[in-house]
Amino acid sequence: MSILKLIAPCKDYLWGGNRLREEYGKKMNSDKIAESWELSCHKDGQSVIEGGEFDGKTLSEYIDAKGKSVLGTNCERFEYFPILIKLIDAKDNLSVQVHPSNEYALRVEGEYGKTEMWYIVDCNEGAELLYGFKHEIGEEEFADRIKNNTLLEVTNNVPVHKGDVFFIESGTLHAIGKGILIAEIQQNSNTTYRIYDYGRVGADGKPRQLHIDKAVEVTDRIPPKYPTTAQGAPENVAGGVKTLLRSCEYFNVNKLEIDGAMKLNADDKSFKSLLFLDGKAEIVSADGKAAAVKGDSFFVPAGSGEFTITGKCEVILSDII
């Protein structure tokens, strides 16, 4: 079957919980699962194919064997696999952090920068996250507030609700708050500059590393530019509702609310990523079918043609335009 089911590598960061294990079927030999990397060709964690000819192989090995045409012509502008998709369970607050731009990250870190998008899958009542600044501040004030532990006095804290969308351009100060479950679509990068971490220590008993000098260099010290809603309005289509969450030069993300049979097409321009957030369904293509349940992730190669998702489910559909 051309549609590949993926098994996600998981991360046990200290702020994580257990919803990904208990509700989404993720597996890891650890006390907690903070993240599952649902679509990844990154060296720090690779998606593994389950079933079929490439069973047990990484997605990167599949692409090497089949050629980059499986990514689509829209991906030719990228040096390597363009995106990374995660589920993130924040039982506790994440560190206050920032990601660099492509230019800075390629020069300093040897990989792409990171622009990302968050879709709030679920959250506790009263949950909030940090998103930019309340007002513009200068570089000297920014550096001083980091040193004096007063940074949180000028950051923009936003109450969140299920279904909210946040677009986090590189350079945007941010932090996921406790009690939030997120689907994150991002550039294929793992470069993060940590600025403030609530005085926590890592597994070795030492304070976690901060990256203050680099953060001061790359942070945009301004209020956020984007609303916390989907970019497009819900659109009734055959088989359900389709909503554009965010489209940019790095990724294009839609939410599909399927109740029936929805036809999709993986043309030669881009692969499709399917992340099932809820419900269950059957995916049928010209050369096979696969069952899908909450927590499943699939890679549909470019050029696979038409396929149908039948069932009652919620899906994050990502591609490149």
Side-chain angles (χ1 to χ4, degrees), residues 13-15 34 86 88 90-120 123-124 126-161 164-180 182 184-187 189-202 206-229 231 246 248-250:
Y13 305 134
L14 57 82
W15 42 261
K86 305 174 181 177
I88 301 175
K91 185 177 181 180
D92 200 358
N93 294 320
L94 273 70
S95 61
V96 179
Q97 56 191 244
V98 68
H99 306 304
S101 66
N102 285 339
E103 183 278 327
Y104 187 95
L106 287 168
R107 174 168 52 85
V108 176
E109 308 293 349
E111 71 170 1
Y112 285 139
K114 191 195 292 189
T115 286
E116 60 193 21
M117 188 214 85
W118 296 338
Y119 174 75
I120 308 301
C123 59
N124 293 345
E128 60 182 28
L129 52 79
L130 187 157
Y131 185 40
F133 292 88
K134 294 177 183 176
H135 54 80
E136 184 170 359
I137 66 171
E139 182 176 318
E140 184 176 349
E141 180 183 353
F142 183 40
D144 286 344
R145 285 187 175 277
I146 294 172
K147 293 175 185 177
N148 299 333
N149 287 323
T150 61
L151 180 63
L152 299 187
E153 293 178 5
V154 294
T155 54
N156 181 45
N157 293 329
V158 184
V160 298
H161 309 89
D164 285 349
V165 179
F166 292 82
F167 185 56
I168 315 291
E169 282 190 307
S170 62
T172 303
L173 195 74
H174 61 276
I176 302 172
K178 62 183 178 181
I180 303 176
I182 280 177
E184 177 178 279
I185 295 84
Q186 59 162 88
Q187 287 181 266
S189 170
N190 200 29
T191 296
T192 296
Y193 298 150
R194 190 181 298 126
I195 301 169
Y196 177 75
D197 197 40
Y198 310 95
R200 293 182 294 202
V201 297
K206 299 178 180 179
R208 296 209 296 169
Q209 183 181 7
L210 302 180
H211 314 90
I212 294 171
D213 290 343
K214 290 179 178 179
V216 170
E217 286 190 89
V218 305
T219 300
D220 293 329
R221 302 173 308 279
I222 56 177
K225 295 181 285 186
Y226 298 96
T228 60
T229 56
Q231 187 174 356
R246 177 59 57 177
C248 69
E249 61 183 302
Y250 305 116

> Given side chains that start at C-beta, do those of T192 and K114 come closer than 4.5 Å, heavy atoms only?
Replying inline: yes

> Which heavy atom of D220 sits nearest a heavy atom of F133, and at what distance?
Replying inline: O-CE1, 3.7 Å

> Does S189 reach the main-chain N or O of Y112 with its side chain, forming a donor-acceptor pair under 3.5 Å?
Replying inline: yes

> Is the CG atom of D213 crowded by more than 12 outside heavy atoms at less than 6.0 Å?
Replying inline: no

>> Determine whether a donor-acceptor pair (N or O, by modelled atom type, separation under 3.5 Å) exists between the side chain of S170 and the backbone of T115.
In response: no

> Can you check side-chain contact (heavy atoms from CB on, under 4.5 Å) on I185 and E116, steps first, answer last?
Replying inline: CA-CA 6 Å; I185 295 84; E116 60 193 21; over 6 Å; no

> Taking all atoms of both residues into account, what is the closest heavy-atom pair of P223 and K134, and its distance?
Replying inline: CG-O, 3.8 Å

>> Looking at every heavy atom in both S95 and A175, which two are closest together, and how far apart are they?
In response: O-CB, 3.4 Å

> Quick one: are V96 and Y198 in side-chain contact, heavy atoms under 4.5 Å?
Replying inline: yes

> Does the pair N157 and L152 meet the rule for a side-chain contact (heavy atoms from CB on, under 4.5 Å), with working shown?
Replying inline: CA-CA 9 Å; N157 293 329; L152 299 187; over 6 Å; no

> Any donor-acceptor pair under 3.5 Å linking the side chain of N93 with the backbone of K178?
Replying inline: yes

> Would you say the side chain of V216 lies within less than 4.5 Å of the side chain of F142, judging by non-hydrogen atoms?
Replying inline: yes

> CD1 of I182 to CD1 of I176: how many Å apart, nearest 0.5 Å?
Replying inline: 3.5 Å

> What residues, two or more places apart in sequence or in another chain, satisfy salt bridge (Lys or Arg N to Asp or Glu O under 4.0 Å) together with K91?
Replying inline: none

> For R208, which residues count as a salt bridge (Lys or Arg N to Asp or Glu O under 4.0 Å) partner, sequence neighbours excluded?
Replying inline: D197

>> Taking salt bridge (Lys or Arg N to Asp or Glu O under 4.0 Å) as the cut-off, I'd like each qualifying pair that reaches into residues 141-154, sequence neighbours left out, listed once.
In response: E141-R145, R145-E153

> Could you state the interatomic distance from CG (L94) to CZ (R194), rounded to the nearest 0.5 Å?
Replying inline: 9.5 Å

> Of all residues at least two apart in sequence or in a different chain, which pass the side chain to side chain donor-acceptor pair (under 3.5 Å) check with E217?
Replying inline: Y104

> In chain order, what residues pass the side chain to side chain donor-acceptor pair (under 3.5 Å) check against T229, with sequence neighbours excluded?
Replying inline: none

> How would you list, by chain and number, every residue that makes a side chain to side chain donor-acceptor pair (under 3.5 Å) with T172, sequence neighbours excluded?
Replying inline: none

> Hey, which of Q97, E109, H211, Q209 is the one that makes side-chain hydrogen bond (donor to acceptor under 3.5 Å, both in side chains) with Y193?
Replying inline: E109

> Looking at residues at least two apart in the chain, or sitting in another chain, which of them share a ring-ring contact (aromatic ring centres under 6.0 Å, His included) with Y250?
Replying inline: none

> Under the salt bridge (Lys or Arg N to Asp or Glu O under 4.0 Å) test, which residues partner E128, sequence neighbours left out?
Replying inline: none

>> The criterion is side chain to side chain contact (heavy atoms under 4.5 Å, CB included); which residues satisfy it with E249, sequence neighbours excluded?
In response: none

> Does the pair L129 and H174 meet the rule for a side-chain contact (heavy atoms from CB on, under 4.5 Å), with working shown?
Replying inline: CA-CA 8 Å; L129 52 79; H174 61 276; over 6 Å; no

> Looking only at heavy atoms, which two atoms of P100 and V218 are closest? And how far apart?
Replying inline: CB-CG1, 4.1 Å

> Can you find a heavy atom in the side chain of K225 that is under 4.5 Å from one in the side chain of E169?
Replying inline: yes

> Which class fits the ring pair F167 and Y226: parallel under 30°, tilted 30 to 60°, perpendicular over 60°?
Replying inline: perpendicular

> Listed by chain and number, what are the side chain to side chain contact (heavy atoms under 4.5 Å, CB included) partners of D164, not counting sequence neighbours?
Replying inline: I120, V160, H161, F166

>> Are N156 and P224 packed together at the side-chain level, in the sense that at least one heavy-atom pair is separated by less than 4.5 angstrom?
In response: yes

>> Can you give me the closest heavy-atom contact between I195 and I212, atom names plus distance?
In response: O-CG1, 4.3 Å

>> Rounded at 0.5 Å granularity, tell me how far NZ in K214 sits from OG1 in T219.
In response: 13.0 Å

> By ring-ring contact (aromatic ring centres under 6.0 Å, His included), which residues pair with Y119, not counting sequence neighbours?
Replying inline: none

> Under 30°, 30 to 60°, or over 60°: which ring-plane class applies to W15 and Y13, parallel, tilted or perpendicular?
Replying inline: tilted

> Mind checking what makes salt bridge (Lys or Arg N to Asp or Glu O under 4.0 Å) contact with E111, not counting sequence neighbours?
Replying inline: none

